[in-house]
Structure formats: C-alpha cells, structure tokens
Amino acid sequence: MDDFNQYGQQPYGQPQQFDQTQQQAQYSQTQQQFNQAQYSQPQYGQPVYQAPVFDRYASIQNYHSYIMGIVAYASIIGFLIAILSTPSNERTEYLAFQTNQALVLFLFSLLSVIPILGWIWSIFMIVNYIMAIIYAAKGEQKSATFFGNIRIIK
C-alpha cells in the first residue's frame, strides 16, 4: 500500500522520506523560478525617493546654544550652567534671549511667595514657564506674555 494520500502528501505524523538529490533538485527549480524576469520589479528609470530633510536648527547658529537655551529654564542652577558653560565670545543672540527670558521668569516667579495672590501668580508663572520651554525647544525667540520686553542680560 502506498503511504501517500490522494494529493501526494504523506499522512499526518509520518516523516517525509526524500533523498538528498530530490531536495536539491526542488531547491534549484525554485531558485530558477524566482530569478526569472516575471518575478522582478520593472525598472522605469524613476529616481529613488528621498525623504525631505528639515533642518530643525537652521535658525540657530549652533547646537550648543540650542541645548543651553533649554537648560536655562530648568532652574536658577540651569541658568547658571547655561551662562557659565558658554564662553562670552560664543554666546549667540538666541542664547542671550533665552537666558534673559529664563532669568526674568525666575525673578517674577519669586512673587509667588505672597499668600493667596501668590498662588494664583504661581499658576500663571507655571504656564509661562511651559510656554517658554516649548518655544525654546522649537528654536523660536518668542517672549512669554508681557515679560518679553524686559532686558537684564544683553
């Protein structure tokens, strides 16, 4: 009796019994079919797609200024790190703006120690800090609300 069913397959649980030459012949036949032109993609001479490049830091002169502009908002310690880690001849207009803005926000946030009125003021200052950090992360020189015209650092 033959061990194959009507579709040419062995019944479940039975190991297939091929000799090595038969397996190699099947493999080479499959490779030949795959390598034929009907399976390859047609070439129409189209250029290779390249994703557009957005230079996020194009408006900022260097990356160090960008990072230090964000660090300046961390706290008064972040402000000091931003000022002291950048030599005065390498300070850009962007970094000067961000450090000035961070210092002004910090000084105005000290008013939040006033009871009751200070609590409302602290919520307002937290919103200003968040806006300023978002602007700094985008690389924009936008001032937070009405503090923008105050210049302490030039």
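For the numbers below, each heavy atom of this structure counts, side chains included, while hydrogens, waters and symmetry mates do not. It should be emphasised that the depicted structure is a prediction, and the values quoted were computed from it without experimental measurement.
Interatomic distance, CD1 of Ile134 versus NZ of Lys142, reported as 11.0 Å (0.5 Å rounding). How far CG of Leu107 is from CD1 of Ile150: 9.0 Å, rounded to the nearest 0.5 Å. Once rounded to the nearest 0.5 Å, the distance linking CG of Leu117 with OG of Ser122 reads 10.0 Å. Atom CD1 in Ile81 sits 13.0 Å away from atom CD1 in Ile67 (nearest 0.5 Å). The CD atom of Gln98 sits 11.0 Å away from atom CD of Glu93, with the distance rounded to the nearest 0.5 Å. Residue Asn100 holds its CG atom at 9.5 Å from CG of Leu105, rounded to the nearest 0.5 Å.
Using modelled atom types, no side-chain atom of Thr86 and backbone atom of Ile83 make a donor-acceptor pair closer than 3.5 Å. Of the possible polar contacts, none joining the Tyr129 side chain to the Ala74 backbone as a donor-acceptor pair under 3.5 Å is found. Under the 3.5 Å distance criterion, the side-chain polar atoms of Asn149 are left unmatched by any main-chain donor or acceptor of Ser143.
Residues Ile70 and Tyr73 form no side-chain contact, since every pair of their non-hydrogen atoms from C-beta on lies 4.5 Å or further apart. Looking only at side-chain heavy atoms (C-beta outward), Phe108 and Asn128 stay at 4.5 Å or farther from each other.
Ile133 and Met131 are assigned to two separate hydrophobic clusters, defined by single-linkage of ILVMFWY side chains at heavy-atom distances under 4.5 Å. The hydrophobic clustering, which links ILVMFWY residues whose side-chain heavy atoms are closer than 4.5 Å, places Ile126 and Leu111 apart. Met125 and Ile114 sit in two unconnected hydrophobic clusters of ILVMFWY residues. Membership requires side-chain heavy atoms under 4.5 Å apart, directly or through other members. When hydrophobic clusters are built by joining Ile, Leu, Val, Met, Phe, Trp and Tyr residues whose side-chain heavy atoms come closer than 4.5 Å, directly or via intermediates, Leu103 is not grouped with Ile130. Both Ile77 and Met68 are assigned to one and the same hydrophobic cluster, defined by single-linkage of ILVMFWY side chains at heavy-atom distances under 4.5 Å.
Contact record, Thr92 with Ser65: OG1-OG, 3.1 Å, taken as the closest heavy-atom pair. Of all heavy-atom pairs spanning Ala72 and Ala82, the tightest one is CB-CB, 3.9 Å.
Contacts of Phe124 classified as ring-ring contact (aromatic ring centres under 6.0 Å, His included), with partners at least two apart in sequence or in another chain: Trp121. Looking at residues two or more places apart in sequence or on another chain, you find no ring-ring contact (aromatic ring centres under 6.0 Å, His included) involving Phe97.
Residue Ile116 places its CD1 atom among 12 or fewer non-hydrogen atoms of other residues, nucleotides or ligands, all under 6.0 Å distant.
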